[in-house]
Amino acid sequence: MIDQSTLQNQITTISEQRPLINSITNFVTIDEVANITSFWGGLPSMSQDQKDIEERFRISDGCHLNMGFIDDKDIELFIEAGKAANNGDTPVAFDPVGAGGTSERTGAAREIGNEIDVSIICGNYGEITALVQDDANIRGVDVTGEHTDIEQTAVACANTMDSIVVATGETDIIADQTTAYKLSVGDSMLGSFVGTGCMLGITVNIFDAVAEDSLSAALGGTTAFGIAGEIATKEQDWQGPASYRTAFLDTVASLNPETFETIDVEGRIETVDVR
(Lines give C-alpha, C1' and ligand atoms only; values in the text may rest on other atoms or scores of the structure.)
Protein backbone atom coordinates (compact mmCIF):
# COMPACT_ATOMS: atom_id res chain seq x y z
CA MET A 1 0.00 0.00 0.00
CA ILE A 2 1.12 3.56 -0.61
CA ASP A 3 -0.14 6.90 0.69
CA GLN A 4 -0.07 10.48 -0.56
CA SER A 5 3.35 11.21 0.94
CA THR A 6 4.91 8.09 -0.60
CA LEU A 7 3.60 8.97 -4.05
CA GLN A 8 4.81 12.57 -3.72
CA ASN A 9 8.26 11.32 -2.70
CA GLN A 10 8.38 9.00 -5.70
CA ILE A 11 7.55 11.90 -8.05
CA THR A 12 10.22 14.08 -6.42
CA THR A 13 12.89 11.37 -6.52
CA ILE A 14 12.31 10.68 -10.22
CA SER A 15 12.84 14.36 -11.06
CA GLU A 16 15.96 14.54 -8.86
CA GLN A 17 17.63 11.28 -9.95
CA ARG A 18 16.50 11.22 -13.61
CA PRO A 19 16.75 7.40 -13.96
CA LEU A 20 18.10 6.02 -17.25
CA ILE A 21 15.53 3.63 -18.70
CA ASN A 22 16.55 1.29 -21.53
CA SER A 23 13.56 0.09 -23.52
CA ILE A 24 13.11 -2.56 -26.18
CA THR A 25 9.66 -1.82 -27.49
CA ASN A 26 7.61 -1.89 -30.69
CA PHE A 27 7.71 0.57 -33.58
CA VAL A 28 4.02 1.46 -33.27
CA THR A 29 4.37 3.26 -29.95
CA ILE A 30 8.12 3.85 -29.58
CA ASP A 31 7.63 7.64 -29.83
CA GLU A 32 5.02 7.68 -27.06
CA VAL A 33 7.16 5.43 -24.85
CA ALA A 34 10.27 7.63 -25.28
CA ASN A 35 8.36 10.85 -24.71
CA ILE A 36 6.50 9.75 -21.60
CA THR A 37 9.80 8.55 -20.11
CA SER A 38 11.16 12.05 -20.54
CA PHE A 39 7.93 13.70 -19.31
CA TRP A 40 8.04 11.73 -16.05
CA GLY A 41 11.63 12.94 -15.57
CA GLY A 42 13.53 9.87 -16.76
CA LEU A 43 16.15 9.51 -19.49
CA PRO A 44 14.94 7.30 -22.39
CA SER A 45 17.23 4.97 -24.36
CA MET A 46 15.57 3.08 -27.22
CA SER A 47 18.59 1.37 -28.84
CA GLN A 48 18.27 -2.32 -29.78
CA ASP A 49 21.91 -2.66 -30.87
CA GLN A 50 23.15 -6.06 -29.70
CA LYS A 51 26.83 -4.99 -29.62
CA ASP A 52 26.52 -3.23 -26.27
CA ILE A 53 23.31 -4.72 -24.95
CA GLU A 54 24.93 -6.47 -21.96
CA GLU A 55 26.71 -3.33 -20.72
CA ARG A 56 23.82 -0.99 -21.53
CA PHE A 57 21.16 -2.92 -19.61
CA ARG A 58 23.48 -3.88 -16.75
CA ILE A 59 24.32 -0.26 -15.90
CA SER A 60 20.87 1.24 -16.51
CA ASP A 61 18.34 2.17 -13.81
CA GLY A 62 15.43 0.43 -15.50
CA CYS A 63 14.82 -2.22 -18.18
CA HIS A 64 11.53 -2.09 -20.10
CA LEU A 65 10.68 -5.00 -22.42
CA ASN A 66 7.55 -4.65 -24.61
CA MET A 67 6.62 -7.66 -26.77
CA GLY A 68 4.76 -5.67 -29.44
CA PHE A 69 6.89 -6.93 -32.34
CA ILE A 70 8.64 -10.22 -31.77
CA ASP A 71 10.21 -13.18 -33.58
CA ASP A 72 12.72 -15.86 -32.57
CA LYS A 73 15.65 -13.40 -32.79
CA ASP A 74 13.75 -10.87 -30.67
CA ILE A 75 13.01 -13.45 -27.99
CA GLU A 76 16.77 -14.05 -27.65
CA LEU A 77 17.31 -10.27 -27.52
CA PHE A 78 14.72 -9.86 -24.76
CA ILE A 79 16.24 -12.65 -22.69
CA GLU A 80 19.79 -11.32 -23.15
CA ALA A 81 18.73 -7.81 -22.14
CA GLY A 82 16.74 -9.10 -19.18
CA LYS A 83 19.61 -11.23 -17.89
CA ALA A 84 22.01 -8.29 -18.21
CA ALA A 85 19.60 -6.18 -16.18
CA ASN A 86 19.31 -8.96 -13.60
CA ASN A 87 23.14 -9.05 -13.32
CA GLY A 88 23.11 -5.33 -12.50
CA ASP A 89 20.14 -5.54 -10.09
CA THR A 90 18.25 -3.36 -12.55
CA PRO A 91 14.44 -3.69 -12.23
CA VAL A 92 12.75 -5.25 -15.27
CA ALA A 93 9.23 -4.42 -16.45
CA PHE A 94 7.76 -6.82 -19.01
CA ASP A 95 4.68 -6.19 -21.19
CA PRO A 96 3.51 -9.50 -22.75
CA VAL A 97 1.71 -7.79 -25.65
CA GLY A 98 -0.67 -10.12 -27.47
CA ALA A 99 -0.18 -13.11 -25.15
CA GLY A 100 -3.32 -15.19 -25.54
CA GLY A 101 -3.86 -13.91 -29.08
CA THR A 102 -1.89 -16.78 -30.63
CA SER A 103 -0.13 -19.82 -29.20
CA GLU A 104 3.19 -18.45 -30.50
CA ARG A 105 2.84 -15.21 -28.54
CA THR A 106 1.64 -17.00 -25.43
CA GLY A 107 4.63 -19.33 -25.60
CA ALA A 108 7.06 -16.46 -26.18
CA ALA A 109 5.69 -14.49 -23.22
CA ARG A 110 5.92 -17.49 -20.91
CA GLU A 111 9.48 -18.27 -22.09
CA ILE A 112 10.69 -14.70 -21.54
CA GLY A 113 8.98 -14.51 -18.15
CA ASN A 114 10.52 -17.80 -17.06
CA GLU A 115 14.06 -17.07 -18.32
CA ILE A 116 14.58 -13.73 -16.54
CA ASP A 117 13.68 -12.23 -13.18
CA VAL A 118 10.88 -9.77 -13.90
CA SER A 119 10.09 -7.15 -11.24
CA ILE A 120 6.75 -6.04 -12.72
CA ILE A 121 4.59 -7.65 -15.42
CA CYS A 122 2.18 -5.14 -16.97
CA GLY A 123 -0.53 -6.33 -19.36
CA ASN A 124 -4.25 -6.21 -19.96
CA TYR A 125 -6.66 -8.67 -18.33
CA GLY A 126 -6.39 -11.14 -21.22
CA GLU A 127 -2.59 -11.05 -21.43
CA ILE A 128 -2.22 -11.60 -17.68
CA THR A 129 -4.73 -14.47 -17.84
CA ALA A 130 -2.82 -16.06 -20.74
CA LEU A 131 0.33 -16.34 -18.63
CA VAL A 132 -1.40 -18.74 -16.22
CA GLN A 133 -4.37 -20.18 -18.17
CA ASP A 134 -5.02 -21.41 -21.72
CA ASP A 135 -8.47 -19.82 -22.10
CA ALA A 136 -7.61 -16.09 -22.24
CA ASN A 137 -9.92 -13.89 -24.29
CA ILE A 138 -7.69 -11.88 -26.67
CA ARG A 139 -8.36 -10.68 -30.20
CA GLY A 140 -5.22 -9.20 -31.74
CA VAL A 141 -3.80 -7.30 -28.78
CA ASP A 142 -7.15 -6.25 -27.30
CA VAL A 143 -8.88 -7.99 -24.43
CA THR A 144 -12.38 -9.43 -24.91
CA GLY A 145 -14.85 -11.40 -22.78
CA GLU A 146 -15.51 -11.44 -19.06
CA HIS A 147 -12.81 -11.52 -16.38
CA THR A 148 -14.88 -11.71 -13.18
CA ASP A 149 -12.07 -13.43 -11.28
CA ILE A 150 -9.25 -11.12 -12.41
CA GLU A 151 -8.08 -10.45 -8.82
CA GLN A 152 -7.49 -14.17 -8.24
CA THR A 153 -5.92 -14.53 -11.69
CA ALA A 154 -3.53 -11.64 -11.06
CA VAL A 155 -2.40 -13.17 -7.76
CA ALA A 156 -1.96 -16.56 -9.47
CA CYS A 157 0.16 -14.87 -12.15
CA ALA A 158 2.24 -13.13 -9.46
CA ASN A 159 2.94 -16.54 -7.92
CA THR A 160 3.64 -18.32 -11.21
CA MET A 161 5.95 -15.60 -12.54
CA ASP A 162 7.36 -14.54 -9.13
CA SER A 163 6.61 -10.92 -9.98
CA ILE A 164 4.39 -7.99 -9.14
CA VAL A 165 1.49 -7.91 -11.62
CA VAL A 166 -0.32 -4.92 -13.11
CA ALA A 167 -3.52 -6.06 -14.88
CA THR A 168 -5.16 -3.25 -16.82
CA GLY A 169 -8.83 -3.04 -17.69
CA GLU A 170 -11.98 -1.24 -16.57
CA THR A 171 -10.42 -1.28 -13.09
CA ASP A 172 -6.66 -1.62 -12.82
CA ILE A 173 -5.50 -4.45 -10.54
CA ILE A 174 -2.09 -4.64 -8.83
CA ALA A 175 -1.15 -7.97 -7.27
CA ASP A 176 1.62 -9.65 -5.33
CA GLN A 177 1.71 -13.30 -4.23
CA THR A 178 -1.08 -12.91 -1.63
CA THR A 179 -3.01 -9.71 -2.20
CA ALA A 180 -4.73 -7.80 -4.99
CA TYR A 181 -5.29 -4.03 -5.00
CA LYS A 182 -8.13 -2.45 -6.98
CA LEU A 183 -7.37 1.12 -8.12
CA SER A 184 -10.15 3.67 -8.60
CA VAL A 185 -8.21 5.97 -10.90
CA GLY A 186 -8.15 6.90 -14.58
CA ASP A 187 -10.67 7.80 -17.24
CA SER A 188 -12.23 5.83 -20.08
CA MET A 189 -10.58 8.20 -22.58
CA LEU A 190 -7.23 6.53 -21.77
CA GLY A 191 -8.48 3.54 -23.72
CA SER A 192 -9.46 5.59 -26.76
CA PHE A 193 -6.00 5.73 -28.39
CA VAL A 194 -3.27 3.17 -29.15
CA GLY A 195 -0.28 2.87 -26.84
CA THR A 196 -1.70 3.45 -23.37
CA GLY A 197 -0.57 0.04 -22.13
CA CYS A 198 2.94 0.54 -23.51
CA MET A 199 3.18 3.90 -21.75
CA LEU A 200 1.95 2.44 -18.45
CA GLY A 201 4.52 -0.35 -18.70
CA ILE A 202 7.45 2.02 -18.85
CA THR A 203 5.85 4.30 -16.26
CA VAL A 204 5.89 1.57 -13.59
CA ASN A 205 9.49 0.77 -14.61
CA ILE A 206 10.50 4.43 -14.04
CA PHE A 207 8.86 4.37 -10.61
CA ASP A 208 10.54 1.02 -9.87
CA ALA A 209 13.92 2.64 -10.55
CA VAL A 210 13.48 4.92 -7.51
CA ALA A 211 10.91 3.23 -5.23
CA GLU A 212 11.69 1.17 -2.13
CA ASP A 213 10.10 -1.93 -3.66
CA SER A 214 8.34 -3.04 -6.82
CA LEU A 215 4.88 -3.22 -5.23
CA SER A 216 4.95 0.43 -4.16
CA ALA A 217 6.35 1.30 -7.61
CA ALA A 218 3.47 -0.46 -9.36
CA LEU A 219 0.93 1.19 -7.08
CA GLY A 220 2.54 4.64 -7.36
CA GLY A 221 3.12 4.54 -11.10
CA THR A 222 -0.35 3.24 -11.95
CA THR A 223 -2.04 5.71 -9.59
CA ALA A 224 -0.10 8.70 -10.96
CA PHE A 225 -0.81 7.55 -14.54
CA GLY A 226 -4.54 7.32 -13.83
CA ILE A 227 -4.68 10.66 -12.02
CA ALA A 228 -2.98 12.27 -15.05
CA GLY A 229 -5.72 10.79 -17.21
CA GLU A 230 -8.38 12.34 -14.98
CA ILE A 231 -6.74 15.77 -14.96
CA ALA A 232 -6.38 15.70 -18.74
CA THR A 233 -10.09 14.97 -19.08
CA LYS A 234 -11.19 17.80 -16.80
CA GLU A 235 -8.63 20.56 -17.23
CA GLN A 236 -7.19 20.26 -20.73
CA ASP A 237 -8.72 21.37 -24.03
CA TRP A 238 -9.38 18.39 -26.27
CA GLN A 239 -11.91 17.43 -28.93
CA GLY A 240 -11.40 13.68 -29.45
CA PRO A 241 -8.99 10.75 -29.00
CA ALA A 242 -6.10 12.34 -30.91
CA SER A 243 -6.14 15.65 -29.05
CA TYR A 244 -6.86 13.85 -25.75
CA ARG A 245 -3.63 11.85 -26.28
CA THR A 246 -1.73 15.15 -26.49
CA ALA A 247 -3.61 16.55 -23.48
CA PHE A 248 -2.69 13.47 -21.45
CA LEU A 249 1.02 13.70 -22.32
CA ASP A 250 1.00 17.44 -21.52
CA THR A 251 -0.55 16.63 -18.15
CA VAL A 252 2.12 14.03 -17.33
CA ALA A 253 4.81 16.60 -18.18
CA SER A 254 3.22 19.11 -15.80
CA LEU A 255 2.73 16.80 -12.80
CA ASN A 256 4.62 17.60 -9.60
CA PRO A 257 4.30 16.61 -5.92
CA GLU A 258 1.89 19.51 -5.27
CA THR A 259 -0.53 18.00 -7.80
CA PHE A 260 -1.34 15.25 -5.29
CA GLU A 261 -1.81 17.45 -2.18
CA THR A 262 -5.63 17.32 -2.41
CA ILE A 263 -5.90 13.73 -3.64
CA ASP A 264 -6.82 10.93 -1.22
CA VAL A 265 -4.39 8.35 -2.63
CA GLU A 266 -5.13 5.66 -0.03
CA GLY A 267 -8.86 6.15 -0.62
CA ARG A 268 -8.39 5.25 -4.27
CA ILE A 269 -6.90 1.82 -3.44
CA GLU A 270 -8.99 -1.13 -2.18
CA THR A 271 -7.19 -4.14 -0.73
CA VAL A 272 -8.55 -7.57 -1.72
CA ASP A 273 -7.16 -10.57 0.19
CA VAL A 274 -7.53 -13.58 -2.12
CA ARG A 275 -5.64 -16.22 -0.12
* **Validation row: Ile173, Ile128 side chains within 4.5 angstrom (heavy atoms)** => no
* Below 4.5 Å, heavy atoms only, C-beta onward: do Leu219 and Phe207 meet side chain to side chain? -> no
* **Residue Glu111 excluded, over 12 heavy atoms near CD under 6.0 Å** => yes
* List the steps and the verdict of side chain to side chain contact (heavy atoms under 4.5 Å, CB included) for Met161 and Val118. => CA-CA 8 Å; Met161 309 302 286; Val118 176; over 6 Å; no
* Should we say atom CD of Gln48 is surrounded by more than 12 heavy atoms from elsewhere, each under 6.0 Å from it? -> yes
* Decide yes or no on side chain to side chain contact (heavy atoms under 4.5 Å, CB included) for Gln4 and Asp264, but give the supporting numbers first. => CA-CA 7 Å; Gln4 179 193 69; Asp264 178 12; over 6 Å; no
* Can you tell me if Asn26 uses its side chain to pair, donor with acceptor, with the backbone of Thr29 under 3.5 Å? -> yes
* To do: Check the surroundings of atom CD in Glu104: do more than 12 heavy atoms from other residues, nucleotides or ligands lie under 6.0 Å from it?
  => no
* To do: State whether the side chain of Gln10 and the backbone N or O of Ser216 hold a donor-acceptor pair below 3.5 Å, judged by distance alone.
  => yes
* Asked: Within the distance-only criterion (no hydrogens, no angle test), does the side chain of Thr271 pair as donor or acceptor with the backbone N or O of Tyr181 below 3.5 angstrom?
  -> no
* Distance, nearest 0.5 Å, that separates OG of Ser23 from CG of Leu65 -> 7.5 Å
* Asked: With distance as the sole test, does Ser119 use its side chain to make a donor-acceptor pair with the main-chain N or O of Ala93 at under 3.5 Å?
  -> no
* For residues 58-80, which residue pairs qualify under salt bridge (Lys or Arg N to Asp or Glu O under 4.0 Å), counting only residues two or more places apart or in two chains? -> Glu54-Arg58
* Strictly by modelled atom types, are Thr6 and Asn9 linked by a side-chain donor-acceptor pair under 3.5 Å? -> no
* Given Ile150 and Thr129, is the side chain to side chain contact (heavy atoms under 4.5 Å, CB included) satisfied, shown in steps? -> CA-CA 8 Å; Ile150 187 60; Thr129 301; 4.3 Å; yes
* Asked: Minimum heavy-atom separation for Ala218 to Val166, with atom names?
  -> CB-CG2, 3.9 Å
* Is it the case that one hydrophobic cluster holds both Ile2 and Ile263, taking links as side-chain heavy atoms less than 4.5 Å apart, direct or via other members? -> yes
* Asked: Are any of the side-chain heavy atoms of Phe78 and Ile24 separated by less than 4.5 Å?
  -> yes
* Asked: Can you check whether Phe39 reaches Thr251 side chain to side chain, under 4.5 Å on heavy atoms?
  -> no
* Before giving the answer on side chain to side chain contact (heavy atoms under 4.5 Å, CB included), spell out for Leu7 and Ile227 the whole-Å C-alpha distance, their side-chain angles and the decisive distance to 0.1 Å. => CA-CA 12 Å; Leu7 181 54; Ile227 296 296; 5.8 Å; no
* Within the side chain of Asn205, is there an N or O that forms a donor-acceptor pair under 3.5 Å with the backbone of Gly201? -> no
* OG1-CD1 distance between Thr222 and Ile174, expressed to the nearest 0.5 angstrom -> 3.5 Å
* **Expected output: side-chain Ser243 to main-chain Gly240 donor-acceptor under 3.5 Å** => yes
* Any donor and acceptor pair, going by atom type alone, linking the side chain of Ser60 with main-chain N or O of Phe57 inside 3.5 Å? -> yes
* Asked: Roughly how far, to the nearest 0.5 Å, is the CG atom of Asp176 from the CD1 atom of Ile120?
  -> 12.0 Å
* Heavy-atom side-chain proximity of Thr37 to Met46 below 4.5 angstrom -> no
* Is Leu249 close to Ile36 at the side-chain level, that is, under 4.5 Å between some pair of heavy atoms? -> yes
* Asked: Do the side chain of Gln177 and the main chain of Ala158 share a donor and acceptor less than 3.5 angstrom apart?
  -> yes
* Asked: Can you get from Met1 to Phe260 by hopping between Ile, Leu, Val, Met, Phe, Trp and Tyr side chains that sit under 4.5 Å apart?
  -> yes
* Supply the atom-to-atom distance Ile30 CD1 to Cys198 SG, rounded to the nearest 0.5 angstrom. => 10.5 Å
* Would a distance-only check, ignoring hydrogens and angles, find a side-chain to backbone donor-acceptor pair under 3.5 Å from Ser192 to Ser188? -> no
* Could you tell me whether the side chain of Val204 reaches within less than 4.5 Å of the side chain of Phe225, counting heavy atoms only? => no
* **Rounded distance [0.5 Å steps], CD in Gln133 versus OG1 in Thr153** => 4.5 Å
* Asked: Quick one: are the ring centres of Trp238 and Phe248 less than 6.0 Å apart?
  -> no
* Asked: Within the distance-only criterion (no hydrogens, no angle test), does the side chain of Arg245 pair as donor or acceptor with the backbone N or O of Gly195 below 3.5 angstrom?
  -> no
* If you round to the nearest 0.5 Å, how far is CG of Asp237 from OG1 of Thr246? -> 11.0 Å
